[in-house]
Amino acid sequence: QVQLVESGGGSVQAVWSLRLSCAASGLTYMNYCMGWFRQPPGKQRERVASIYTSYGGTYYADSVKGRFTISQENGKNTLYLQMNSLKPEDTAMYYCAASNARCRTADEVNYWGQGTQVTVSS
């Protein structure tokens, strides 16, 4: 019954910004971690950022630290990823994810969104 729906992707020039949103429904107290993964064409899915929803602790991949910000809307089941100073290497399909425990790797994720495409040109 859990559903994750992403929005906000698009095609932009390098150094421009985008904000991704994830509207979640059906989440319970068992959902411990939420985050964003991305999968470039022909490559494996990797963690970009995550947040432990009970207390707000966050993680960022080194490649996006200082440029991306993950956040939750207070009192609502909505997750955001603010992406600034975008680079061509950020081009990927971005997925919203939720887990009952940890979400460090793709195999730990219990629920996936359908994905939203981000394309960054130089």
Side-chain angles (χ1 to χ4, degrees):
Q1 63 181 16
V2 173
Q3 292 188 336
L4 305 174
V5 182
E6 304 95 336
S7 63
S11 181
V12 300
Q13 292 286 112
V15 312
W16 286 32
S17 299
L18 286 171
R19 189 182 74 164
L20 305 184
S21 299
C22 174
S25 62
L27 295 175
T28 70
Y29 69 93
M30 295 298 296
N31 299 117
Y32 183 72
C33 178
M34 295 189 69
W36 294 92
F37 286 69
R38 68 184 181 188
Q39 187 166 17
K43 298 182 179 180
Q44 67 184 64
R45 195 169 297 185
E46 63 182 2
R47 179 170 55 155
V48 176
S50 60
I51 182 168
Y52 289 95
T53 59
S54 62
Y55 63 94
T58 59
Y59 162 89
Y60 296 95
D62 288 343
S63 60
V64 307
K65 189 172 295 185
R67 300 188 296 120
F68 291 10
T69 303
I70 188 171
S71 63
Q72 291 178 282
E73 186 171 353
N74 291 338
K76 299 179 181 179
N77 292 324
T78 304
L79 187 71
Y80 299 101
L81 185 67
Q82 178 67 46
M83 305 186 294
N84 297 329
S85 301
L86 284 163
K87 305 175 180 179
E89 50 263 46
D90 294 319
T91 295
M93 184 72 74
Y94 283 71
Y95 297 90
C96 184
S99 296
N100 295 327
R102 296 182 175 89
C103 49
R104 297 169 297 182
T105 60
D107 59 297
E108 293 182 325
V109 172
N110 299 115
Y111 310 105
W112 292 102
Q114 295 304 115
T116 185
Q117 178 68 38
V118 172
T119 302
V120 185
S121 59
S122 59

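Under a 3.5 Å cut-off, the side chain of Tyr111 and the backbone N or O of Gln1 do not form any donor-acceptor pair. When atom types are taken as modelled, the side chain of Thr58 and the backbone of Ile51 share no donor-acceptor pair closer than 3.5 angstrom.
With sequence neighbours left out, Arg38 forms a salt bridge (charged side-chain N to carboxylate O under 4.0 Å, His left out) with Glu46, Asp90. The side-chain contact (heavy atoms from CB on, under 4.5 Å) search around Ser71 returns Tyr80, not counting sequence neighbours. With sequence neighbours left out, Ala24 forms a side-chain contact (heavy atoms from CB on, under 4.5 Å) with Leu4, Leu27, Met34, Asn77.
In this structure, CG in Asn110 is found 4.0 Å from CG in Asn100, a value given to the nearest 0.5 Å. In this structure, Ile70 CD1 and Gln82 CD are separated by 12.5 Å, a value rounded to the nearest 0.5 Å. To the nearest 0.5 Å, atom OH of residue Tyr94 and atom CD of residue Glu6 are 12.5 Å apart. Taken to the nearest 0.5 Å, the SG atom of Cys103 stands 6.0 Å off from the CZ atom of Phe37.
Residue pairs satisfying the salt bridge (charged side-chain N to carboxylate O under 4.0 Å, His left out) criterion with at least one member in residues 48-60, sequence neighbours excluded, are absent. Among residue pairs with one or both ends in residues 105-117, those qualifying as salt bridge (charged side-chain N to carboxylate O under 4.0 Å, His left out) are Arg104-Glu108; sequence neighbours excluded.
Residues Val48 and Leu20 fall within the same hydrophobic cluster, defined by Ile, Leu, Val, Met, Phe, Trp and Tyr side chains chained together at heavy-atom separations under 4.5 Å. When hydrophobic clusters are built by joining Ile, Leu, Val, Met, Phe, Trp and Tyr residues whose side-chain heavy atoms come closer than 4.5 Å, directly or via intermediates, Leu79 is not grouped with Met93. Criterion: ILVMFWY side-chain heavy atoms under 4.5 Å apart, direct or through other members. Under it, Val118 and Val5 are not part of a common hydrophobic cluster.
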Review item, side-chain donor-acceptor pairs of residues 9-18, under 3.5 Å, at least two apart:
unit_1	atom_1	unit_2	atom_2	d
Gln13	OE1	Ser121	OG	2.6
Ser17	OG	Asn84	OD1	3.0

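Counting heavy atoms from C-beta outward, Arg45 and Trp112 have side chains that approach closer than 4.5 Å.
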